[in-house]
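Structure first, commentary second.
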There are 2 protein chains.
Amino acid sequence: MSKECVFCRIIGGTLPSCKVFEDDDTIAFMDINPATKGHTLVIPKSHHEAIMDTPADVLEKVIVTARKIAIAQKKALNAAGINVTQANGALAGQIIGHIHFHVIPRFENDNHSWSRPQGKYDRDDEMESFADRIRNDLE
Amino acid sequence: MSKECVFCRIIGGTLPSCKVFEDDDTIAFMDINPATKGHTLVIPKSHHEAIMDTPADVLEKVIVTARKIAIAQKKALNAAGINVTQANGALAGQIIGHIHFHVIPRFENDNHSWSRPQGKYDRDDEMESFADRIRNDLE
């Protein structure tokens, strides 16, 4: 629990939120600036900043709640698709420093898109060299 | 296992991939059209299309592997941030019908961005009505 954290204050009840679901370890509530209508945030009750800092068992609980919300959004809102996204670090777009998963229902003509650049590696062996570096730092 | 599924063929070894990690239930391999260099895909070995169709215990294993990759990417590539994203349904941007999490390392000036529209609800009670619909369809 962090006194300065907006999401911890929502969890503690000192900031209002439009809650959709709550269990012992997680809560889900509406994003007040939704990418699409129905956009819901799923967070653990314990304070962790990034996915890298979040214990595996906490993360398991959060993703299971995200799944529950996705199932309900599809059914309740007749969503044609769902995006689940998560940002770690300001440069990646993280604004609140308490891990959260966005569960975003998608609809025809919802004007929501992500520019997903289709990049390339410069040389044939470059992808392999990146893979090697990642492999070497696996814990 | 689906014979037509590209990712099942990668798992089965009949299509090549640049594998980064593998355990009993999941594999991680390099995206050949990376959003940024180091972009890795994490999938379950069992075939499920969307997060809604994926059993909770399978999903838990996939997110724990995604976390492992994020930790390694940050360390190995000195990433300034990490995005974890997941699309369900063609309209949401899903191309391969086998659930996958993108783990995307972020760097200064990586030219990668998502237009994340900051929407609004039309009326004060509209958010509450969307929340109600989702709540009513929670399983």
Side-chain angles (χ1 to χ4, degrees), chain A residues 18 20-21 30 32-38 40 51-52 54 56 59-60 63-64 67-77 80-94 106 108 111-121 127-128 130-131 133-139, chain B residues 18 20-21 30 32-38 40 51-52 54 56 59-60 63-64 67-77 80-94 106 108 111-121 127-128 130-131 133-139:
Chain A
C18 184
V20 171
F21 174 79
M30 303 300 276
I32 56 172
N33 291 116
T36 64
K37 289 175 185 177
T40 306
I51 194 168
M52 298 78 91
T54 304
L59 205 54
E60 288 172 357
I63 201 70
V64 170
R67 173 182 180 273
K68 189 185 286 281
I69 298 299
I71 291 169
Q73 281 182 349
K74 190 172 184 196
K75 196 168 160 193
L77 309 179
I82 307 273
N83 283 113
V84 176
T85 75
Q86 198 271 325
N88 305 282
L91 193 129
Q94 184 172 19
R106 300 295 308 278
E108 289 283 354
N111 290 320
H112 181 50
S113 73
W114 279 293
S115 64
R116 156 83 164 80
Q118 297 272 317
K120 276 192 195 315
Y121 288 98
M127 182 169 75
E128 186 56 51
F130 271 80
R133 289 161 67 187
I134 296 172
R135 284 182 203 116
N136 289 339
D137 274 317
L138 284 172
E139 283 174 10
Chain B
C18 183
V20 171
F21 175 78
M30 304 299 276
I32 56 172
N33 291 116
T36 64
K37 289 175 186 178
T40 306
I51 194 169
M52 298 79 92
T54 304
L59 204 54
E60 287 172 357
I63 200 70
V64 170
R67 172 182 181 273
K68 188 186 288 282
I69 298 299
I71 291 169
Q73 280 182 351
K74 188 169 186 200
K75 196 168 159 193
L77 309 179
I82 307 271
N83 284 113
V84 176
T85 75
Q86 197 272 324
N88 304 282
L91 193 128
Q94 185 173 19
R106 301 294 309 277
E108 290 283 354
N111 289 321
H112 182 50
S113 73
W114 279 293
S115 64
R116 156 84 163 79
Q118 297 270 320
K120 277 193 195 313
Y121 287 98
M127 181 168 75
E128 186 55 52
F130 271 80
R133 290 161 68 188
I134 296 171
R135 283 183 204 116
N136 289 340
D137 274 316
L138 284 172
E139 282 174 10

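In the text below, chain A, chain B and the rest are named by the order of the sequence lines, each starting its count at 1.
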Practice task
Report yes if the side chains of A/Ile134 and B/Leu77 come closer than 4.5 Å at any heavy-atom pair, otherwise no.
Solution key: yes

Exercise for the section: Give a yes or no on this: more than 12 heavy atoms of other residues, nucleotides or ligands lie within 6.0 Å of atom NZ of A/Lys74. Expected result: no

Handout entry: Interatomic spacing from CD in B/Gln86 to OG1 in A/Thr85 - rounded to 0.5 Å
Key = 10.0 Å

Handout entry: Pairs of heavy atoms under 4.5 Å with chain B: top-ranked of A/Ile82, A/Ile71, A/Ile51, A/Leu59
Key = A/Ile82

Practice task
Kindly give the heavy-atom pair with the smallest separation between B/Pro34 and A/Tyr121, and that separation in Å.
Solution key: CG-CE1, 3.4 Å

Completion exercise
Note: vs chain A, highest number of non-hydrogen pairs under 4.5 angstrom among B/Glu128, B/Gln73, B/Arg135 is B/Arg135

Fill in the blank from the handout: The interface call for B/Lys68 against chain A, heavy-atom contacts under 4.5 Å, is both

Handout entry: Among the listed options B/Val64, B/Ile63, B/Thr54, B/Ile32, the residue most often paired with chain A at heavy-atom distances under 4.5 Å
Key = B/Ile63

Fill in the blank from the handout: Cut-off 4.5 Å, heavy atoms of chain B, and the answer for A/Glu108 is both

Completion exercise
dist A/Met52:CE -> B/Lys75:NZ (nearest 0.5 Å) comes out at 13.0 Å

Practice task
Could you tell me which non-hydrogen atom of B/Asn33 sits nearest to which non-hydrogen atom of A/Lys120, and how far apart they are?
Solution key: ND2-NZ, 4.4 Å

Problem - Minimum heavy-atom distance between B/Leu138 and A/Ala72, given as atom pair plus value - result: CD2-CB, 3.8 Å

Problem - Pick from A/Ala76, A/Cys18, A/Ala131 with the largest number of heavy-atom pairs that fall under 4.5 Å of chain B - result: A/Ala76

Exercise for the section: Could you grab the distance from atom CD of B/Glu60 to atom CZ of A/Arg67, nearest 0.5 Å is fine? Expected result: 10.0 Å

Problem - Toward chain B, the part of A/Thr40 with a non-hydrogen atom under 4.5 Å - result: side chain

Problem - Contact leader toward chain A among B/Met127, B/Glu139, B/Gln94, B/Lys37, where contacts are heavy-atom pairs under 4.5 Å - result: B/Lys37

